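To start, the structure itself, in structure tokens.
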Number of protein chains: 2
Amino acid sequence: MNPATIKDVAKAADVSVATVSRVLHNLTGYSDKTKQKVMQAVEELGYQPNAIARGLVNKRTQTIGVLFPHVSSSFSSDILHGIEEIAQEKGFSVIVCNTAEEGKRTMKYLQVLREKQVDGIVFTSEVLKDEYFQAIKEMRVPVILVNTMSQKHMIPYVKVDDHQAAYHATDYLIQKGHREIAMISGSPKDRIAGLPRLDGYRQALADNGIEYIESQVANGDFNLEGGTEAMKKLLAEAPPFTALFAASDEMAIGAMNVALERGIKIPDDLSIIGYDDLKFARMVYPPLTTIHQPLTMMGRMASEKLIALIEEDSMQVSSSIVSHHLVERQTVRSKP
Amino acid sequence: MNPATIKDVAKAADVSVATVSRVLHNLTGYSDKTKQKVMQAVEELGYQPNAIARGLVNKRTQTIGVLFPHVSSSFSSDILHGIEEIAQEKGFSVIVCNTAEEGKRTMKYLQVLREKQVDGIVFTSEVLKDEYFQAIKEMRVPVILVNTMSQKHMIPYVKVDDHQAAYHATDYLIQKGHREIAMISGSPKDRIAGLPRLDGYRQALADNGIEYIESQVANGDFNLEGGTEAMKKLLAEAPPFTALFAASDEMAIGAMNVALERGIKIPDDLSIIGYDDLKFARMVYPPLTTIHQPLTMMGRMASEKLIALIEEDSMQVSSSIVSHHLVERQTVRSKP
DNA sequence: CTGAAAGCGCTAACAT
DNA sequence: ATGTTAGCGCTTTCAG
């Protein structure tokens, strides 16, 4: 008693498989009576089409692959959420691929996705190495980049303008009267999220006639521990500062915690602004003022673009810089 | 110039497709020389097997489906992380399915998974309705439940013992000398995570000769806002309490925030213990003492069990109660 | 309006 | 050691 196939339905309805296929796809070319017979047979047998067989002939699997450096971060899961939402709406399934740190498994996953004949790929938060690009190119499926981009290759992406957002954050602090502003950054070697934010910070300082002091910037690797370490270093080695821009919420919170431990009051003694606006930014106390990245929306946009590319297979690129915004909560105050 | 198929390889290597298939699968029955020829052809043509075609004949897709009520929560993504990790190790891909609140899309997704011929299903954090059970049964693939269970049907699950964990949390507070202990719970109608935790709390009180006071329990729906509301209610309506058990970290943090706002010092004036040990539990200040659920590990276990069921198709059930543990951080202190 | 038949790319008997 | 062939379940000409 295997699952019913289209043949079984055809037999039960006493028609040919072609006809069954026709009514199942709402095509023309059958009488109402036939349709009834077929529908009834489908019903009785509990027939469900086999998407694998269909995929084999159509060369379309209605499936997309999404690559993440870490699936368990709040960051990635917000993006995934958006992607999945649109995908399911449009009748696509999504395969998640955790490429692990440094994209160790990226190549392997790209191969799997190829074998599984996915119709498209979303590549997130990682630099698109040439190797990856080649592999994807050989697959002949559309790709879309989220939260990353490639200057070398013309691939559509969806991201915020990191430079601009960092500028915005820093400038906000300056408008609040701060002049001694430290920064906890990502690695400057990170050309996607590290350098641009650092540059945005420097530019904002420069535009406001504030000298950039190298010791006022510490690298925190984007995570909590990095943030606490960087903060300690800043407190020990940097000239005094009244405000701090952290290039990620996690680092901002790490910094807040060492401030709290040392009796530095936030925002009274020190103003802090973060970056990302992850869910927990509003859960800490005081709630963190930060740069909001519309991650779920970015996921949705990426999904939409990708599916458009798949369906029309008009291979024209069109990237989106989505706008960040600054969420004022309670970790920044005007300098008296 | 379509992607090379096994036929192309066969032609290029001047052998039959059967032989190509043989060497590709490391079977026996070909000479070394043939193997060389085939390998070379594969290389030259950049041949990659088509998993869809393979799936059609093997009736195996090497794909599993995972259903979540919300993919974007830290909670779900930790589980997903574990599932994906093992799956990829064992050569399986995972399709994520966000069933949305109240499992609105569950049935629809179950159908998709059936059509896509997944080899197995992980069902998480939601009650398995009869309707779902029937649908899965018809698919004839193994299922495994994570963070939920079914008394009605014998389906293997992986979860912690909520009753016991809640007992543990409450008893810990009692051992620290507290006697007036409030609780912020989930809905008592939630038979998976709501009621058992409430019962565990009550039992611990009872076993220690402490009277259960109904007004000392407020419902918070597991989320931040619920937590703050519940805390406000408790503060307004409950008899004074020196300790609080929140049935989720989010609610605990919501409670902490209102405490902070009202000048209630934690843990000096009030001890708080949470539940889950999500990533941000250690990011708040003071770091939250809580019940740790090994979510990633639970995901791994589920994945492992599921794949075992798929591969041996020994349909024997075997559930796991995984052990929680209490993480002492800084939100609980002994009552003087 | 309907059916027969040729594949889609691959695996697995069954021959040789 | 190697080739031939019959499907897997479905879609889609092409005939009637």
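All heavy atoms count here, side chains included; hydrogens, waters and symmetry mates do not. Here is the naming used below: chain letters follow the sequence lines, and residue numbers restart at 1 for every chain. Everything numeric in this text was worked out from a predicted model, so none of it was measured.
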From [options], pick the nucleotide closest to the side chain of [X]?
X: B:V17; options: C:dT2, C:dT11, D:dT2; result: C:dT11
X: A:A53; options: C:dG9, C:dG3, D:dG9; result: D:dG9
X: A:Y30; options: C:dC8, C:dT2, D:dT2; result: C:dT2
X: A:R54; options: C:dC10, D:dC10, D:dC14; result: D:dC10
X: A:V57; options: C:dC8, C:dT11, C:dG3; result: C:dC8
X: A:Y47; options: D:dC10, D:dT12, C:dT11; result: D:dC10
X: B:P49; options: C:dC10, D:dG9, C:dA4; result: C:dC10
X: B:L56; options: C:dG9, C:dG3, D:dA1; result: C:dG9

- Message: Quick one about B:H81 and A:N98 (side-chain donor to acceptor, distance below 3.5 Å, no hydrogens or angles considered), yes or no?
- Response: yes
- Item | Donor + acceptor pair across side chains of B:K116, B:T63 (<3.5 Å) |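 No, no side-chain donor-acceptor pair sits under 3.5 Å.
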Review point. Should the heavy atoms of other residues, nucleotides or ligands under 6.0 Å from NZ of B:K7 be counted, would the total exceed 12?
Key: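 Incorrect, the count does not exceed 12.
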Over all strands shown, is A:T34 touching base, sugar-phosphate only, or nothing at heavy-atom distances under 4.0 angstrom?
sugar-phosphate
Item to complete: Pick base, sugar-phosphate or nothing for A:S21, based on heavy-atom distances below 4.0 Å to the nucleic acid.
Response: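 Base, at least one base heavy atom under 4.0 Å.
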Is the phosphate of [N], meaning OP1 or OP2, less than 4.0 Å from a side-chain N or O of [X]?
X: B:T5; N: C:dG9; result: no
X: B:K33; N: D:dA1; result: no
X: B:K35; N: D:dA1; result: no

[X] [atom1] to [N] [atom2]: how many Å, rounded?
X: A:Q48; N: D:dC10; atom1: CD; atom2: P; answer: 11 Å
X: B:K59; N: C:dG9; atom1: NZ; atom2: P; answer: 19 Å
X: A:K11; N: D:dC10; atom1: NZ; atom2: P; answer: 13 Å
X: B:L27; N: D:dG3; atom1: CG; atom2: C1'; answer: 15 Å
X: A:R22; N: D:dT12; atom1: CZ; atom2: C1'; answer: 9 Å
X: A:D8; N: D:dC10; atom1: CG; atom2: C1'; answer: 13 Å

If you find the nucleotide of DNA chain D closest to A:N2 and the one closest to A:T19, which residue's nucleotide is nearer the 5' end?
->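 Closer to the 5' end of DNA chain D: A:N2.
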Here the gap from A:Q293 atom CD to A:L278 atom CG, rounded to the nearest 0.5 Å, amounts to 8.5 Å
message: side chain to side chain donor-acceptor pair (under 3.5 Å) for B:K305 and B:S320? Distances and angles first, verdict last.
response: CA-CA 10 Å; B:K305 273 180 207 273; B:S320 298; 2.7 Å; yes
